[in-house]
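Notes follow once the structure below has been shown.
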2 protein chains.
Amino acid sequence: MKTTTLRALAEPNRLQIVELLRGGPLSVGEIAERLGLRQPQASKHLRILSDAGVVEVHAVANRRIYKLRHSAFQELDAWLASFRRVWEEKLDSLDDYLEELQSKNGNREGKP
Amino acid sequence: MKTTTLRALAEPNRLQIVELLRGGPLSVGEIAERLGLRQPQASKHLRILSDAGVVEVHAVANRRIYKLRHSAFQELDAWLASFRRVWEEKLDSLDDYLEELQSKNGNREGKP
DNA sequence: AGAGAATATACCCGCAAAGGAATTTTCGAA
DNA sequence: TTCGAAAATTCCTTTGCGGGTATATTCTCT
């Protein structure tokens, strides 16, 4: 998992942009207006999202239309999926950890 | 979606901690050692992960055992799931956006 | 009670990242 | 080719965050 994607999503305004784009592609101006951002900040955030591969741009005349990139979310999803194993196989059992600890220490622990 | 969870995961060391804990619960010392972190940094990162609800602690004698929290990942998963609709319903079509634009402008655009 | 572990906190420093304002670039239309 | 929109980039300032080191806290065992 790349932390760039997560970093990009971890900023409130950027997360809002992503949520907004769920409804479909939008231009920079529309995004800025709907979120109460100033145009430069909107552009900057979009740049970061773009660099992280979360969104992609299409130039249409004067406008730049931004939309979500499927693959970014697929990757996130794949990563999350790899955690299901943890719960399914109960890899997070505290008791197991303690037993493991026991066997490691063995007799040791009270200086021989 | 809360940005606190994402922020917590967006830092390389913390993400590594999470990856590490996939294998099961670990104490602070073990985490620090395996990742080449100094104990205070490990503790700080764990604090942040804990505050974000990504991990949980259990005190065992002198040690603090950290493990992943199922629900944090469930929430992430649920949020991601809400994006599937975007692709399934092709809400990201650029053409649709342009048509929408057309109808909005209608006749207007070249000052009447 | 005292010593020594494992861990958490506090304090300081440097830097990266976010906001604001101004400026530049790009494109379409007249 | 000039004008005016839409958007990107630049520069500046501030602040939050991560690393480093030292110190406090907590627990165990003797």
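As the structure is a computational prediction, the values presented were derived from the model and not from experiment.
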Item checked: Position toward the 5' end of DNA chain C (nearest nucleotide), A:Ile48 or A:Arg64 -> A:Ile48
Which of these nucleotides, [options], is closest to any side-chain atom of [X]?
| X | options | value |
| --- | --- | --- |
| B:Pro40 | D:dA8, D:dT9, D:dT21 | D:dT21 |
| A:Ser43 | C:dA8, D:dT9, C:dA6 | D:dT9 |
| B:Lys44 | D:dT9, D:dA8, C:dA10 | C:dA10 |
| B:Asn62 | D:dA8, D:dT26, D:dA6 | D:dT26 |

Notebook entry, point to check: Could a donor-acceptor pair under 3.5 angstrom be found where the side chain of A:Gln39 meets the base of D:dA6?
Noted result: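 Answer is no: no donor-acceptor pair is held.
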Margin query: At less than 3.5 Å, do the side-chain atoms of B:Gln41 and the base atoms of D:dG18 form a donor-acceptor pair?
Written below: no
Check: How far does the helix from C:dA1-D:dT30 to C:dA30-D:dT1 bend, going by the axes of its first and last five pairs, to the nearest 10°?
Finding: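 Result, rounded to 10 degrees: 20°.
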Note to self: Using heavy-atom distances to pick each residue's nearest nucleotide on DNA chain D, tell me which of A:Leu46 and B:Arg38 is more 5'.
What the structure shows: A:Leu46
Under 4.0 angstrom between [X] side-chain N/O and [N] OP1 or OP2:
| X | N | result |
| --- | --- | --- |
| A:Arg63 | C:dC27 | no |
| B:Tyr66 | C:dA6 | no |
| A:His45 | C:dA17 | no |

Item checked: Distance-minimising heavy-atom pair for B:Ser43 and B:Val28 ->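 Heavy atoms only, the tightest pair is OG-CG1, 3.8 Å.
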Notebook entry, point to check: Going by heavy atoms closer than 4.0 Å, what residues in residues 5-19 of chain B are next to DNA chain D?
Noted result: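 Going residue by residue through residues 5-19 of chain B, the ones with a heavy atom under 4.0 Å of DNA chain D turn out to be B:Arg7, B:Glu11, B:Asn13, B:Arg14.
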Note to self: Classify the ring geometry of A:Phe73 against B:Trp87: parallel below 30°, tilted from 30° to 60°, perpendicular beyond 60°.
What the structure shows: tilted
